[in-house]
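What follows is one structure encoded as structure tokens, with my remarks underneath.
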Protein chains: 2
Amino acid sequence: MTEIDGQVPERFARAREAQSVALLEDYVEMIGDLISELGEARVADIAERMGVAQPTATKAISRLKREGLATARPYRGVFLTEEGADLADRVRARHRTVVELLVAVGVPEEVAELDAEGIEHHVCDETLAAFEAFLKSR
Amino acid sequence: MTEIDGQVPERFARAREAQSVALLEDYVEMIGDLISELGEARVADIAERMGVAQPTATKAISRLKREGLATARPYRGVFLTEEGADLADRVRARHRTVVELLVAVGVPEEVAELDAEGIEHHVCDETLAAFEAFLKSR
DNA sequence: CAAGAAATATAGCAATGGCTATAAGTCGAG
DNA sequence: CTCGACTTATAGCCATTGCTATATTTCTTG
């Protein structure tokens with residue numbers, strides 16, 4: 001290979017990895033939202049909010065259980081483990097920060113909300129810290 | 001469903017859609033880079049830079065061909081169509097802008113490069129325009 | 001120019017994340 | 001308490017994106 005390749009492959013591997021975690025984060029955050037809004041998270045509600053068919057949500061919930069982020073009693077609601085609830089909190093906070101930063105640099109509110117949904121999963125801790133510092137310093 | 005669901009599902013659908021386009025964008029940009037650096041884009045080089053096995057790159061190139069972004073002669077190099085080259089240019093420009101914006105708000109250069117790889121695919125035209133305006137106004 | 005080496009293609013497997021159709025469980029109303 | 005409606009689970013399909021192993025083609029070199 002040429003001498004200029006550098007760590008390019010790791011960059012992409014990292015982006016792929018982030019993407020694989022993104023769905024889990026979205027589901028966990030959504031389940032947390034539903035529990036605080038409605039007192040429980042039902043599969044049908046989760047599926048509707050995620051914009052997927054109900055079996056797709058069921059499958060995702062299985063994965064959450066497998067990863068120790070949620071528990072569920074069949075035909076009953078879905079619940080977050082402590083680890084899942086912590087993740088939900090972090091995800092929610094990061095989402096807010098990303099939206100605020102986008103707005104701060106001039107992105108219209110509604111567009112910021114839309115783009116943040118995809119962007120947030122690729123914002124590492126260091127970048128998030130930089131965002132917070134930037135927001136505070138204005 | 002409750003009355004507060006709003007357009008949440010569309011948000012996620014949009015993020016999923018962006019993700020499906022992301023790989024194409026990465027490959028097209030990389031192929032463009034290789035052609036300008038080395039005069040040609042070989043499957044082995046593409047695979048190495050993307051950090052995937054060679055058959056994975058071959059498969060991705062098939063998809064690029066299917067989508068009209070690239071052409072390839074078996075056992076020879078890969079080439080971009082006009083559409084593919086245009087896309088590569090847009091992707092490259094967007095990548096630069098995202099990195100610059102991250103740096104402008106205080107993200108360290110190397111971290112900005114890493115995160116931009118994932119972020120850029122979720123930055124819509126309107127957000128990109130806001131980024132450019134913000135960068136110019138400083 | 002005929003190997004052998006290198007590059008590329010193909011075959012086939014696994015996991016993920018969609019879907020529809022259908023089975024099975026739960027719950028409320030008669 | 002039973003039956004029908006609703007909810008959830010399961011089965012099975014497809015496409016995508018990875019992988020390894022192997023076949024095929026091209027290139028290089030003796």
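Quick note on labels: first sequence line is chain A, next is B, and so on, each numbered from 1. Heavy-atom basis, side chains included; hydrogens, waters and symmetry copies ignored.
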#### Entry: For atom CZ of R73(B) and atom P of dC27(D), their distance in whole Å
10 Å

### Task
Taking the side chain as every heavy atom from C-beta outward, state whether K59(A) and V52(A) have any atom pair closer than 4.5 Å.
no

### Query
Is a salt bridge present between D33(B) and R92(B), judged by a nitrogen-to-oxygen distance below 4.0 Å?
yes

### Query
To the nearest angstrom, how far is L24(B) atom CG from dT17(D) atom C1'?
12 Å

### Message
Quick check against the 3.5 Å criterion: does S62(B) have a side-chain atom that pairs as donor or acceptor with the backbone of T58(B)?
### Response
yes

### Message
What is the distance, to the nearest angstrom, from the CG atom on L38(A) to the C1' atom on dT7(D)?
### Response
16 Å

### Task
Could you pick out which residue, Q54(B) or T56(A), lies toward the 5' side of DNA chain C when each is mapped onto its nearest nucleotide?
Q54(B)

### Query
Out of dT16(C), dG18(C), dT10(C), which nucleotide sits closest to the side chain of P55(B)?
dT10(C)

#### Entry: Of R66(A) and R76(A), the one whose closest DNA chain C nucleotide lies more 5'
R66(A)

#### Entry: Atom-pair distance (CZ on R63(A); P on dG18(C)), nearest Å
10 Å

### Query
Relative to the 5' end of DNA chain D, which residue comes earlier, K59(B) or R42(B), by the nucleotide with the nearest heavy atom?
K59(B)

### Task
Consider only side-chain N and O atoms of H121(B) and Q19(A), and report whether a donor and an acceptor are under 3.5 Å apart.
no

### Message
Rounded to whole Å, how long is the line connecting atom CG of L23(A) with atom P of dA15(C)?
### Response
18 Å

### Message
Do the side chains of K65(A) and E67(A) get close enough for a salt bridge, i.e. N-O under 4.0 angstrom?
### Response
no

### Message
The side chain of T58(B) is closest to which nucleotide in this list: dA9(D), dA9(C), dG18(C)?
### Response
dA9(C)

### Task
Check the distance between dG18(C)'s P and Q19(A)'s CD and give it to me in whole angstrom.
11 Å

### Query
Which nucleotide, dT20(D), dA9(C), dA11(D), lies nearest any side-chain atom of A53(B)?
dT20(D)

### Task
Send over the distance from L34(B) CG to dA7(C) P, rounded to a whole Å.
14 Å

### Task
Could you tell me whether the phosphate oxygens of dG17(C), OP1 or OP2, come under 4.0 Å of any side-chain nitrogen or oxygen in R16(B)?
no

### Summary
To the nearest angstrom, the OH-C1' distance between Y75(A) and dC27(C) comes to 13 Å

